[in-house]
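What follows is a set of notes on a single structure, which appears directly below.
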Amino acid sequence: MTEIEPEAAPELTPIDPESQARAARQRFFVISLFRLSGALILVFGIAIAQQHFGWVSGQKARIMGMIVVIVGFFQMMVIPRILLGAFATPKQK
């Protein structure tokens with residue numbers, strides 16, 4: 001039988017602290033943008049549910065407003081947490 005040699009671990013290259021800081025600022029900006037847009041969508045949904053617009057009224061306005069509120073809440077609370085997990089730097093052992 002042939003012996004299989006273990007693969008050499010890739011060497012970790014040092015990362016420039018300035019590029020790390022720039023990437024962290026970009027991540028923070030993206031997460032903040034999702035939170036802000038989610039809050040705006042949520043407020044828009046509340047305005048629809050309270051029938052502040054003439055293009056939708058009655059029970060349809062309440063249903064449509066609640067759907068938009070749920071989407072805005074999801075974008076404001078859940079999506080940033082998913083992005084935090086995706087942007088997390090792996091822990092070094």
Side-chain angles (χ1 to χ4, degrees):
M1 298 194 113
T2 59
E3 189 173 316
I4 299 174
E5 294 182 27
E7 293 183 25
E11 293 186 30
L12 298 175
T13 57
I15 299 174
D16 182 28
E18 185 177 323
S19 65
Q20 280 182 332
R22 191 174 336 114
R25 282 192 300 273
Q26 289 173 348
R27 288 184 215 128
F28 179 77
F29 178 73
V30 167
I31 291 170
S32 297
L33 190 63
F34 268 94
R35 284 190 175 134
L36 178 64
S37 63
L40 293 175
I41 291 170
L42 190 123
V43 169
F44 182 65
I46 292 171
I48 291 172
Q50 293 182 350
Q51 304 175 16
H52 285 288
F53 302 106
W55 45 269
V56 64
S57 61
Q59 187 65 23
K60 290 181 183 179
R62 289 189 181 100
I63 293 170
M64 182 179 168
M66 291 313 296
I67 291 170
V68 174
V69 164
I70 290 169
V71 169
F73 183 76
F74 185 79
Q75 184 168 341
M76 188 174 70
M77 300 301 286
V78 177
I79 298 296
R81 291 180 187 265
I82 293 171
L83 288 175
L84 282 172
F87 289 152
T89 53
K91 294 182 180 178
Q92 304 218 0
K93 294 182 179 183

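As a basis for the values below, the full set of heavy atoms in this structure was taken, side chains included, without hydrogen atoms, waters or symmetry mates.
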Notebook entry, point to check: So if you build clusters from Ile, Leu, Val, Met, Phe, Trp, Tyr with side-chain heavy-atom gaps below 4.5 Å, do Leu42 and Met77 land together?
Noted result: yes
Check: Linking I/L/V/M/F/W/Y whenever any side-chain heavy atoms sit under 4.5 Å apart, do Leu84 and Val78 land together?
Finding: yes
Notebook entry, point to check: Going hydrophobic residue to hydrophobic residue with side-chain gaps under 4.5 angstrom, can you get from Met76 over to Val69?
Noted result: yes
Checklist line | Nearest heavy atoms of Leu83 and Val30, plus distance in Å | finding: CD1-CG1, 4.1 Å
Next item on the list: Indicate if Ile31 and Phe74 have the same hydrophobic cluster label, given that clusters are the connected sets of ILVMFWY residues with side-chain heavy-atom separations under 4.5 angstrom.
Entry: yes
Note to self: I need the Gln75 CD to Ile70 CD1 distance, nearest 0.5 Å.
What the structure shows: 14.0 Å
Next item on the list: Mark yes when over 12 heavy atoms from residues, nucleotides or ligands other than Phe53 sit less than 6.0 Å from its CZ; otherwise mark no.
Entry: yes
Item checked: Nearest atoms (heavy-atom pairs only) where Pro80 meets Arg35 -> CG-CG, 3.5 Å
Next item on the list: Return the minimal non-hydrogen interatomic distance between Ala61 and Gln51, and the atom names on each side.
Entry: CB-CG, 3.6 Å
Note to self: Could you measure the distance from the CG atom of Leu36 to the CG atom of Leu33? Nearest 0.5 Å is fine.
What the structure shows: 6.5 Å
Item checked: Distance, nearest 0.5 Å, that separates CZ of Arg22 from CD of Gln26 -> 7.0 Å
Next item on the list: Tell me whether Val71 is reachable from Ile46 by hopping between hydrophobic residues (I, L, V, M, F, W, Y) whose side-chain heavy atoms are closer than 4.5 Å.
Entry: no
Item checked: Residue pair Trp55 / Ile48, side-chain heavy-atom distance below 4.5 Å -> yes
Note to self: Looking at every heavy atom in both Val68 and Phe44, which two are closest together, and how far apart are they?
What the structure shows: CG1-CD2, 4.2 Å
